[in-house]
Amino acid sequence: MKDLAAQLAQIVHQHQWDKHYENLLQSALKDPDVQSFLTTYQIPPESAVIKRNLDAIYEFVHAKGQAHFTGDYQPHLIWVNQTIHVSYQPDAALRQRQRQQYFQQKFQTIDMASDVRQASLEDFAQGAEGRLAAYVAALEFVATYSQHSGEFIPGLYLAGDFGVGKTYLLAAIANELVHKDHNVLLVHFPTFAVQMKNAIGDNSVLERVHKIQAVPILMLDDLGADALSSWIRDEVLGVILQYRMQEKLPTFFSSNFTMHDLKLHLAVNQRGDQEPIKAARIMERIRFLAREVIVAGPNRRFEK
Ligand code: ADP
Ligand code: MG
């Protein structure tokens with residue numbers, strides 16, 4: 001008697017569960033994405049294929065509901081070897097984030113404001129009065145560098161007053177290059193110089209110099225903004241530029257000084273000593289690595 005009751009209870013339980021399961025599957029089959037998948041592959045709704053693949057169909061509909069909350073990976077039904085499978089692919093937002101991470105890796109910066117990643121050549125060209133020469137030179141560089149990789153192409157030395165958009169242009173060129181799959185490092189040189197002095201303490205000077213000297217495209221922003229010590233000028237800047245000259249690696253600069261005036265600036269070290277020969281040696285390397293372009297125009301810093 002007891003056995004029979006237990007058996008009965010089990011049958012009722014099983015039956016209800018089956019009914020519940022059946023309901024879930026029926027609603028899964030009604031899902032519009034499932035329907036269009038079945039139509040695409042001409043799978044009849046009552047067929048054996050459906051019965052064999054109910055678990056995949058159910059998983060798909062369930063995961064689709066979940067993906068709304070978790071975002072990242074969207075389920076898709078795929079038809080492989082006469083069997084239905086669920087495949088998970090990154091959705092548009094995730095793909096966008098992955099793309100951004102990829103470019104972030106190609107465009108490295110040291111001590112630059114994060115908005116440099118938004119700079120674009122098209123925006124630089126807006127109201128290009130005084131900037132036209134620099135804009136054209138930038139386009140020319142990007143086009144030639146992309147076509148003849150391997151051959152040395154000089155970078156640009158952007159000279160111009162405070163606020164005309166030199167840093168912005170360097171960043172815009174960098175963004176254009178990384179979207180063509182080149183690697184760029186943009187360095188705020190005055191801050192970098194201070195860091196290098198601190199690096200003497202932990203013996204990491206050589207390691208840091210090696211790291212930045214070898215990047216495919218190097219941009220040194222704001223050269224000459226501060227008086228340099230002889231050590232930074234000769235052992236850091238000089239060594240980096242020497243390496244890039246030997247390896248024929250394009251290098252960009254920006255400065256408030258023209259090349260002519262930078263030579264005078266570099267000839268006087270932080271202590272006030274005159275060292276024209278050392279300055280001339282640095283200038284030779286800069287002249288080899290980059291073409292001077294004057295950026296003119298209004299001071300953009302007061303427009304904001
Ligand atoms: P510089 O390096 O010559 O001193 P910046 O590149 O820092 O000048 O430009 C000064 C300010 O103007 C910055 O805030 C920069 O973001 C902005 N700026 C410069 N050019 C543009 C541009 N074409 N579009 C939008 N903002 C710009
Ligand atoms: Mg600047």
Side-chain angles (χ1 to χ4, degrees), residues 100 103-104 106-143 154-180 182 184-196 212 215 217-228 232-233 236-237 240-241 244 250-266 282-283 286-287 289-304:
Q100 261 169 7
F103 289 132
Q104 211 135 358
K106 299 214 134 259
F107 182 8
Q108 306 254 3
T109 60
I110 300 181
D111 302 308
M112 300 298 301
S114 61
D115 64 2
V116 293
R117 294 182 187 282
Q118 267 81 56
S120 76
L121 280 179
E122 288 97 78
D123 282 353
F124 182 80
Q126 302 300 313
E129 196 192 325
R131 304 164 147 219
L132 194 61
Y135 175 63
V136 170
L139 288 184
E140 229 170 57
F141 178 87
V142 173
L156 302 177
Y157 178 102
L158 305 178
D161 292 339
F162 182 78
V164 293
K166 302 180 300 292
T167 300
Y168 187 93
L169 178 56
L170 288 182
I173 296 170
N175 280 315
E176 194 71 26
L177 290 167
V178 298
H179 282 86
K180 294 191 183 309
H182 305 298
V184 183
L185 173 65
L186 172 57
V187 180
H188 185 242
F189 192 76
T191 320
F192 172 74
V194 172
Q195 280 184 358
M196 289 306 284
I212 80 158
V215 296
I217 297 169
L218 176 66
M219 298 178 161
L220 301 179
D221 188 34
D222 239 351
L223 200 58
D226 296 322
L228 297 180
I232 292 283
R233 183 193 57 205
V236 176
L237 181 61
I240 292 171
L241 299 184
R244 297 191 69 79
T251 309
F252 286 72
F253 305 87
S254 88
S255 180
N256 291 0
F257 291 119
T258 59
M259 281 192 181
H260 174 268
D261 291 346
L262 184 69
K263 185 173 180 175
L264 304 177
H265 174 81
L266 290 175
I282 299 283
M283 287 315 299
I286 294 178
R287 281 182 206 281
L289 288 166
R291 276 200 302 128
E292 182 173 31
V293 181
I294 307 294
V295 189
N299 184 342
R300 307 275 308 220
R301 293 191 198 210
F302 302 122
E303 287 176 13
K304 298 208 156 182

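Ligands are counted one by one from 1 in listed order, and the atoms in each one are counted from 1 as well. FYI, side chains are in, hydrogens and waters are out, and symmetry mates aren't considered; it's all heavy atoms of this structure.
At most 12 heavy atoms of other shown residues, nucleotides or ligands fall within 6.0 angstrom of atom CZ in Arg291. Under a cut-off of 6.0 angstrom, the local environment of CG in Asp161 is sparse, with at most 12 non-hydrogen atoms contributed by other residues, nucleotides or ligands.
Taking every heavy atom of Phe124 and a limit of under 4.0 angstrom, the matching atoms of ligand 1 come to 23 (N). Near Val164, with a cut-off below 4.0 Å to any heavy atom, the atoms of ligand 1 are 3 (O), 8 (O).
Of the N or O atoms in Leu169, none lie within a sub-3.5 Å distance of an N or O in ligand 1. Of the polar atoms of Tyr168, at least one N or O is found under 3.5 Å from an N or O of ligand 1, judged by distance alone. Checked against a 3.5 angstrom limit, the closest N/O atoms of Gly163 and ligand 1 fall inside it.
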query = Which is it for Thr191 and Val194 under the side-chain contact (heavy atoms from CB on, under 4.5 Å) test, yes or no, and what are the steps along the way?
reply = CA-CA 5 Å; Thr191 320; Val194 172; 5.5 Å; no
message = Walk me through whether Leu237 and Leu220 qualify under side-chain contact (heavy atoms from CB on, under 4.5 Å).
response = CA-CA 10 Å; Leu237 181 61; Leu220 301 179; 3.7 Å; yes
task = Tell me, with the steps shown, if Val116 and Phe107 meet side-chain contact (heavy atoms from CB on, under 4.5 Å).
result = CA-CA 10 Å; Val116 293; Phe107 182 8; 4.2 Å; yes
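Ring-plane geometry between Phe103 and His179 is classed as tilted, the angle between the planes lying from 30 to 60 degrees on a 0 to 90 degree scale.
For residue Thr167, an N/O/S atom approaches the Mg ion (ligand 2) to within less than 2.8 Å.
Ranked by closest heavy atom to atom 5 (P) of ligand 1, the top entry among Ala113, Gly297, Gly165, Ala171 is Gly165.
Using a 4.0 Å cut-off between heavy atoms, Arg131 contacts ligand 1 through its side chain alone, with no backbone atom that close.
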